[in-house]
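Notes for the one structure printed next.
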Amino acid sequence: MTVCVRHRLCLLGDVEGDVVRLTPAGRMVEAWWHHLPHKFSHLCLDAFVVMPHHIHGIVGIMDTRPTTVSPPTTIPPTVGADPRVRPPSEPGAIPHQGAHVGAPLPTVVQWWKTMTTNAYIRGVRAAGWPPFDGQLWQRNYWERIIRTPRELDLTRRYIAGNPLRWHLDPMNPGRPQNQPE
């Protein structure tokens, strides 16, 4: 998923060469990202990067429902269909019947945006962070279901290489206007 700062304000860091130098606000955003599995135990985190005005991250949704195996086990996240719609992963397992496994992604993102916005406001008041107008984050976010191991590998590479491509980002305020994409 990708979440952008409203108006693409570069509040979270700067890119120097191929390294993102996070501001205190960027470190706070990163800390709340890593806190997600503590709040939502059905999540596991994968590749992640904080950029100057957006974040990219992979969130795995684990199937934590008990199976017929005793004691109950946790089925690790798999690449493929959402656990709410795929058939049971083991013979004799309890069918999903279309129910959510934990909080849905929009709820997770909403909670994360709320926590980071509140922490940012505290940083503005206590530490003089640059203020924002109205909302810290854009209204929505981008998401994509990763369906294959190859797609997972390509997405991980895209996230890891994002700082290397910052100079090409058309929303990078430091990018020369005549530089080709």
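We use all heavy atoms of the structure for the numbers below, so side chains are in, but hydrogens, waters and symmetry mates are not. As the structure is a computational prediction, the values presented were derived from the model and not from experiment.
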Cluster check L154, F48: I/L/V/M/F/W/Y, side chain < 4.5 angstrom | no
Which distance, rounded to the nearest 0.5 Å, do you find between the CD of Q110 and the CE of M115?
-> 9.5 Å
Residue pair W137 / T116, side-chain donor-acceptor N/O under 3.5 Å | yes
Please work out whether the ring planes of W111 and W32 are parallel, tilted or perpendicular, with thresholds of 30° and 60°.
-> perpendicular
Give the cluster check for F40 versus L45: same hydrophobic cluster or not, with ILVMFWY residues linked at side-chain heavy-atom distances below 4.5 Å.
-> yes
Any donor-acceptor N or O pair under 3.5 Å, side chains R144, T2 = no
List the atom of G13, the atom of P52, and the distance in Å for their closest heavy-atom pair.
-> O-CB, 3.2 Å
Pair H56-Y158, ring-ring contact (aromatic ring centres under 6.0 Å, His included): steps then yes or no = CA-CA 9 Å; H56 293 291; Y158 175 82; 5.3 Å; yes
Minimum heavy-atom distance A25-Y120, with the two atoms named | CB-CE1, 3.3 Å
Within one Ile-Leu-Val-Met-Phe-Trp-Tyr cluster: M171 and V3, side-chain cutoff 4.5 Å | no
Evaluate side chain to side chain contact (heavy atoms under 4.5 Å, CB included) for D46 paired with R156, printing each intermediate quantity in order.
-> CA-CA 8 Å; D46 201 295; R156 285 174 174 154; 2.6 Å; yes
Heavy-atom closest contact (I55 atom, V29 atom, distance) = CG2-CG1, 3.9 Å
Exercise answer: donor-acceptor pairs, residues 121-130 side-chain atoms, under 3.5 Å, sequence neighbours excluded:
none

Interatomic distance, H53 atom NE2 to Q138 atom CD [nearest 0.5 angstrom] = 9.5 Å
Please work out whether the ring planes of W166 and H54 are parallel, tilted or perpendicular, with thresholds of 30° and 60°.
-> tilted
Distance-minimising heavy-atom pair for P163 and I159 | CD-O, 3.9 Å
Derivation of the side chain to side chain contact (heavy atoms under 4.5 Å, CB included) call for V20 and D14 = CA-CA 6 Å; V20 181; D14 292 308; over 6 Å; no
First locate atom CG of L9, then atom SG of C4, and finally report the distance between them rounded to the nearest 0.5 Å.
-> 11.5 Å
Spacing of CG belonging to D153 relative to OG1 belonging to T148, to within rounding of 0.5 Å | 9.5 Å
Can V59 and V108 be said to form a side chain to side chain contact (heavy atoms under 4.5 Å, CB included), step by step?
-> CA-CA 10 Å; V59 177; V108 171; 5.6 Å; no
When clusters are formed by joining ILVMFWY residues with side-chain heavy atoms under 4.5 Å apart, either directly or through shared neighbours, do L164 and V15 land in the same one?
-> no
To the nearest 0.5 Å, what is the distance between NE2 (H7) and CG (L136)?
-> 11.0 Å
Does the side chain of C44 come within less than 4.5 Å of P37's, by heavy atoms?
-> no
Closest heavy-atom contact between S41 and M62?
-> O-CE, 3.3 Å
Would you mind reporting whether R165 and N162 have side-chain heavy atoms less than 4.5 Å apart?
-> yes
Compare all side-chain heavy atoms of L22 with those of E30 and state whether any distance is below 4.5 angstrom.
-> yes
Atom of K113, atom of R139 and distance for their closest heavy-atom approach | NZ-O, 3.4 Å
Would the number of heavy atoms belonging to other residues, nucleotides or ligands and lying under 6.0 Å from CD of E151 be above 12?
-> yes
Kindly compute the distance separating CD (E143) from CG (L105), expressed to the nearest 0.5 Å.
-> 5.0 Å
Dump the intermediate steps for side chain to side chain contact (heavy atoms under 4.5 Å, CB included) on L11 and T23, then the final yes or no.
-> CA-CA 7 Å; L11 302 174; T23 62; 5.9 Å; no
